[in-house]
Amino acid sequence: MKKAIYPGSFDPITKGHLDIIRRGSKSFDKVIVAVLINSEKQGLFSIEERVSLIRKATFGIDNVEIISFEGLLVDYMEKNHISIILKGLRNSKDFEYELQMANVNKILGNEIETIFMISNPENSYISSSMVKEVCKLGGNISGLVPSEVESIIKKKIMG
Ligand code: PNS
């Protein structure tokens with residue numbers, strides 16, 4: 001069984017994330033979406049809220065599992081017999097950052113491969129921080145987040 005882990009902050013999930021999950025679910029037998037618990041970086045949405053948003057947005061994609069983890073990604077992967085990391089690439093800035101992470105993970109882990117999927121052009125400008133900023137300032141986020149979770153995200157940000 002070919003499993004891939006798709007790790008990230010997902011604070012909150014965007015249309016770009018969902019596109020990578022959908023496409024990943026076609027290339028792998030199972031995609032494990034892993035929400036990082038970072039005690040040093042609080043974020044806006046709680047871990048439970050992030051997991052719940054991803055669960056709602058991915059409803060109907062059978063081979064997707066959502067988990068949260070704290071600690072080193074490679075440790076989680078080794079414990080759970082996963083050797084492939086799936087990541088999305090939007091631009092050259094992502095590339096620089098992801099290249100470093102992929103190489104560090106390769107040094108830390110045993111036989112870890114990072115596989116990149118190029119974002120669809122319409123998603124290449126979307127980020128979770130942009131979603132939060134646009135929404136806070138009263139902008140329309142319908143083009144930025146999955147429709148299934150738009151109202152929940154709005155409610156959390158706008159109150
Ligand atoms: O969505 P993000 O913030 O770009 O995701 C970053 C993430 C969660 C993939 C990365 O920070 C991570 O893997 N953190 C877990 C801790 C770890 O393993 N660090 C060393 C790898 S560089």
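Each ligand, and each atom within it, is numbered from 1 in the order the structure gives. Index from 1, following the sequence.
- Remark: distances from the non-hydrogen atoms of K87 to ligand 1 include one below 4.0 Å.
- Placement of V33 and I153 within a single hydrophobic cluster is found when ILVMFWY residues are connected by side-chain heavy-atom separations under 4.5 Å, directly or transitively.
- A donor-acceptor contact shorter than 3.5 Å is absent between the side chain of S119 and the backbone of G88.
- The nearest protein heavy atom to atom 12 (C) of ligand 1 is not closer than 4.0 Å.
- In terms of polar-atom proximity, defined here as any N/O pair under 3.5 Å, V74 makes no such contact with ligand 1.
- Ranking protein heavy atoms by distance to atom 21 (C) of ligand 1, first place goes to N105 OD1, 3.3 Å.
- Under the 4.5 Å side-chain heavy-atom criterion for Ile, Leu, Val, Met, Phe, Trp and Tyr, I67 and I82 are members of the same hydrophobic cluster.
- Nearest non-hydrogen protein atom to atom 18 (O) of ligand 1 is L73 N, 2.8 Å.
- Residue G71 holds the heavy atom nearest to atom 16 (C) of ligand 1 of all those in S9, S128, G71.
- Residue pairs meeting the ring pair (Phe, Tyr, Trp, His ring centres under 6.0 Å) criterion with at least one partner in residues 33-77, sequence neighbours excluded, are F69-Y76.
- For atom 20 (C) of ligand 1, the closest non-hydrogen atom on the protein side is L72 CD2, 3.9 Å.
- Close to ligand 1: Y97, with a non-hydrogen atom less than 4.0 angstrom away.
- Salt bridge absent: K87 and D94 never bring a charged side-chain N and a carboxylate O closer than 4.0 Å.
- Residue L36 touches ligand 1 through its side chain alone, judged by heavy-atom distances below 4.0 Å.
- Shortest contact from atom 10 (C) of ligand 1 to any protein heavy atom: M101 SD, 3.7 Å.
- Between K56 and E148, none of the side-chain N atoms (NZ, or NE/NH1/NH2) sits under 4.0 Å from a carboxylate O, so this pair counts as no salt bridge.
- The closest side-chain donor-acceptor pair between S142 and N140 falls under 3.5 angstrom.
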